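Please read these numbers as outputs of a predicted model, since none were measured by experiment.
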Amino acid sequence: MSRSRILIITKSDDSESIARLTSAVDRRGGQAFRFDTDRFPTEISIRVRHREGHSSTELQDGDQRIELSEVTGTWHRRLSIGRAIPESLEAQVRDASVEESRRVVYGVMSSIPGFKVDPWLLIRQAECKQLQLELAQGLGMDVPNTLVTNDPEAARAFYAELGGRMVTKMMASFAVYREGRENVVFTNPVAERDLEALKGLRSCPMTFQEHLEKQVELRVTVVGRKIFCAAVDSGTMDRSKNDWRREGRALMQAWKPYELPDDARCGLLGLMDRLGLNYGAADFVVTPDGRCVFLEVNPAGEWFWLDPVHENGISEALADVLMDLAPRRESALLIQDSSECAGA
């Protein structure tokens with residue numbers, strides 16, 4: 001049997017999940033090659049050749065070299081293409097250089113043979129939160145009462161419908177950078193006074209949802225057919241009551257294994273089937289009255305701090321899926337039903 005060669009598409013300041021997966025691949029006799037997209041084109045070389053009915057793509061990072069035809073599995077993590085291109089370049093020239101670099105990398109990602117976790121185009125489609133909620137609802141999952149709009153009057157009417165218990169969030173991971181510091185836009189409650197300041201919706205639509213009381217918040221990591229569920233009581237800290245990410249580092253040690261209810265488990269597997277994904281990090285809220293409410297699934301979400309909670313199960317499962325040692329969804333065939341949950 002030939003040695004598995006796993007390509008990890010990431011960035012140089014990515015999390016410790018890279019080392020965790022690399023170690024798991026090594027233990028199985030495979031080899032991992034890391035492609036830090038922020039170091040292209042300044043440090044990493046790409047050579048794409050098309051000639052006489054034959055194509056080849058080669059990546060080289062120092063003494064490490066890999067030909068894409070040798071890749072048996074690819075893990076898509078993070079993109080930061082062209083970040084190291086000098087800021088001293090004239091703005092239009094730098095923008096053009098970054099865009100050209102992106103197109104080269106996108107071309108590489110689209111043409112990588114073999115199995116991927118997950119195909120880039122599927123990830124882009126799966127990131128659509130409206131699609132996620134629609135599919136989840138069709139699968140019988142409990143989802144929050146939601147409004148997506150750029151209409152201030154619709155937002156005000158929705159606020160009244162919910163009796164003032166409403167939060168707002170962004171569709172995409174969104175941050176504002178000021179003085180070199182990242183300020184992430186988290187989920188925030190909407191107060192009555194905020195209803196008079198909604199004219200900005202005409203420039204940027206937003207998502208509004210019912211405010212859910214929380215017993216615990218769940219992070220459910222799906223790898224192939226396996227599910228790893230952990231819970232945290234985000235209400236133990238004032239700043240994390242509406243969004244545990246506000247105190248993500250402080251709460252890292254507070255996560256505990258949790259048994260996801262069967263209906264939510266089967267619904268989530270069904271959703272992953274419909275999206276054609278082998279990996280996803282899903283967020284749920286368990287309310288005091290026992291509702292298990294699906295919020296969203298991130299096709300490339302973080303898991304490094306949860307791996308120890310699950311005794312390294314996430315990194316082990318991901319290595320198994322990438323190396324064809326465990327059941328997985330082949331992107332060429334998007335399964336319509338979860339076989340193990342059929343009829344559930």
_In the structure I gave you, are the side-chain heavy atoms of Pro189 and Met166 within less than 4.5 Å of one another anywhere?_
no

*May I ask you to decide whether Asp289 forms a salt bridge with Arg291, counting only side-chain N to carboxylate O separations under 4.0 Å?*
no

*How about Arg47: does its CZ atom have over 12 heavy atoms from other parts shown lying under 6.0 Å from it?*
yes

*How about Phe294 and Phe284: are their ring centres within less than 6.0 Å of each other?*
yes

*Hey, does Asp151 have a side-chain heavy atom less than 4.5 Å from the side chain of Arg202?*
yes

_I'd like to know if the side chain of Glu213 pairs up with that of Thr287 as donor and acceptor (distance under 3.5 Å, no hydrogens or angles considered)._
no

*Flag if over 12 foreign heavy atoms under 6.0 Å of NZ, Lys226*: no

*Write out all pairs satisfying salt bridge (Lys or Arg N to Asp or Glu O under 4.0 Å) with one or both partners inside residues 63-73, taking only residues at least two apart or from two chains.*
Arg5-Glu70, Glu58-Arg65, Arg65-Glu70

*asked:* Does Glu259, at its CD atom, have more than 12 non-hydrogen atoms belonging to other residues, nucleotides or ligands within less than 6.0 Å?
replied: no

*Are Arg34 and Gln64 linked by a side-chain donor-acceptor pair shorter than 3.5 Å?*
no

_Assess whether a salt bridge exists between Asp13 and Arg78, defined as any Lys/Arg side-chain N lying under 4.0 Å from an Asp/Glu carboxylate O._
no

*Do the side chains of Met272 and Arg329 get nearer than 4.5 Å, heavy atoms only?*
yes

_Would Arg328 pass as a cation-pi partner of Phe115, given that its NZ or CZ must be under 6.0 Å from the six-membered ring centre and within 45 degrees of the axis?_
yes

*List the steps, then state whether salt bridge (charged side-chain N to carboxylate O under 4.0 Å, His left out) holds for Arg20 with Asp307.*
CA-CA 9 Å; Arg20 287 182 170 277; Asp307 206 27; 3.1 Å; yes

